[in-house]
Amino acid sequence: MLLALIYLKMTDSGAARKMTRAKLVVLGRDNCGKTALCVRFITKRFIGEYDHKKEVTYGCRKVVDKEAIDLEILDTVNKECVGPAANSLESSIKWGDGFLIMYSVTDRSSFESVSRLKRLIDHGKQTLGIPTVIVANKCDIENGRVVRTEEGQALAADLRCSFFELSVAESAVAVETAVWQLIREVRVEFNKHLLAMDKRSRMLQMRHALKNKLTRSKTMQW
Ligand SMILES: Nc1nc2c(ncn2[C@@H]2O[C@H](COP(=O)(O)OP(=O)(O)OP(=O)(O)O)[C@@H](O)[C@H]2O)c(=O)[nH]1
């Protein structure tokens with residue numbers, strides 16, 4: 001009874017907290033369409049050619065499921081996993097809350113690098129279940145396709161990631177759907193984390209309150 005009362009008192013004050021910002025990282029082999037996807041998501045426009053060989057972080061505010069969110073989106077450049085590039089990739093992974101791994105259906109080596117990138121994320125975060133979406137791009141180039149849709153689906157199922165096959169060139173909606181899915185998954189993780197923190201802090205408060213109560217009743221007996 002005493003425990004229940006203390007618990008009720010503490011949960012009364014629990015205000016709903018929302019995720020208001022998130023950091024997303026776009027990974028994938030060169031030329032698979034990472035920059036095109038970031039620009040398409042932010043501006044809704046498709047720009048054919050980009051001249052960037054450096055990492056860029058874009059900032060934007062979007063409303064997803066009626067909740068505003070400030071996003072930082074890191075558009076990485078393709079990195080081999082040796083030397084200083086590996087350190088930079090490691091820090092990008094540590095920085096991010098959610099990951100979008102891209103490949104092009106016209107480039108088998110980009111498809112083959114997906115598993116390696118996912119392993120690096122799992123290793124960098126030291127846990128499984130990090131929000132990760134796999135995007136197969138350039139499905140508009142049907143005659144240049146070398147990776148079948150089913151191969152992408154099977155890989156994503158194997159790695160337990162959401163999967164989208166799309167064309168950044170043809171569909172702003174498809175790009176938005178994929179990035180929104182990632183944001184939703186980041187939100188789920190954020191809420192899980194909050195719950196775990198709340199549970200821990202409630203346990204500590206309960207322990208503290210109980211200790212005080214016991215000390216007081218002992219003092220009264222004297
Ligand atoms: N046909 C077609 N071309 C695309 C699509 N998305 C991107 N491209 C083209 O693919 C090329 C590479 O796109 P980027 O966005 O620069 O690719 P990236 O992954 O950022 O490349 P790096 O900066 O080298 O890492 C550009 O010529 C784009 O116009 C698509 O959906 N369909």
Side-chain angles (χ1 to χ4, degrees), residues 22-60 62 71-96 98-121 124 131-153 155-156 159 161-183:
K23 292 179 279 188
L24 311 181
V25 181
V26 183
L27 298 164
R29 286 294 297 259
D30 49 313
N31 223 35
C32 66
K34 298 181 294 297
T35 306
L37 176 129
C38 293
V39 174
R40 186 62 131 161
F41 177 69
I42 294 163
T43 68
K44 293 197 168 21
R45 291 172 59 210
F46 177 71
I47 298 162
E49 294 304 323
Y50 304 93
D51 181 25
H52 94 77
K53 290 290 159 220
K54 277 194 286 177
E55 281 194 348
V56 178
T57 307
Y58 303 93
C60 65
K62 295 276 175 183
L71 297 169
E72 282 179 87
I73 306 176
L74 176 62
D75 175 12
T76 61
V77 287
N78 176 48
K79 293 159 183 161
E80 298 306 324
C81 295
V82 285
N87 295 339
S88 158
L89 180 56
E90 211 175 283
S91 54
S92 301
I93 287 172
K94 287 214 172 92
W95 177 86
F99 299 85
L100 194 147
I101 307 178
M102 256 184 126
Y103 69 88
S104 164
V105 298
T106 62
D107 174 5
R108 183 155 283 277
S109 71
S110 70
F111 174 69
E112 282 161 1
S113 70
V114 171
S115 303
R116 179 182 58 86
L117 289 167
K118 179 64 169 67
R119 268 199 309 277
L120 287 174
I121 295 168
T132 308
V133 163
I134 295 175
V135 170
N137 188 29
K138 305 198 188 182
C139 70
D140 57 296
I141 312 179
E142 261 314 319
N143 57 3
R145 179 190 279 272
V146 292
V147 184
R148 285 178 294 115
T149 307
E150 301 76 50
E151 290 181 272
Q153 285 167 334
L155 178 68
L159 299 175
C161 297
S162 308
F163 176 73
F164 296 86
E165 188 172 277
L166 51 80
S167 160
V168 174
E170 287 192 337
S171 175
V173 172
V175 168
E176 193 171 74
T177 306
V179 182
W180 282 21
Q181 171 64 21
L182 180 57
I183 293 167

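Just follow the structure's listing: the first ligand is 1, and inside any ligand the first atom is 1. Numbering of residues begins at 1 and proceeds along the displayed sequence.
- Checking Thr35 against Asp75 by side-chain atom types alone, a donor-acceptor pair falls below 3.5 Å.
- The closest side-chain heavy-atom distance from Thr76 to Lys34 is below 4.5 Å.
- Heavy-atom proximity to atom 27 (O) of ligand 1, evaluated over Lys34, Arg29, Glu49, is greatest for Glu49.
- Between Lys138 and ligand 1, at least one N/O pair is under 3.5 Å apart.
- Seen from the ring of Phe99, Lys118 does not count as a face-on cation partner, given the 6.0 Å and 45° thresholds.
- Using a 4.0 Å cut-off between heavy atoms, Leu37 makes no contact with ligand 1 at all.
- For the pair Phe46 and ligand 1, the shortest N or O to N or O distance does not fall below 3.5 Å.
- Note that OG of Ser110 is 9.0 Å distant from CG of Asp30, once rounded to the nearest 0.5 Å.
- A donor-acceptor pair is defined here as one N or O able to donate and one able to accept, closer than 3.5 Å; such a pair exists between the side chain of Arg40 and the backbone of Ala169.
- The aromatic rings of Tyr103 and Phe111 sit perpendicular, their planes meeting at an angle over 60°, well past the 30° parallel limit.
- Contact annotation for Ile141 and ligand 1: only side-chain heavy atoms (C-beta onward) come within less than 4.0 Å of the ligand.
- The shortest N or O to N or O distance between Ile47 and ligand 1 is not under 3.5 Å.
- Contact annotation for Asp140 and ligand 1: only side-chain heavy atoms (C-beta onward) come within less than 4.0 Å of the ligand.
- Contact between Gly48 and ligand 1 is present, with at least one heavy atom of the residue lying under 4.0 Å from the ligand.
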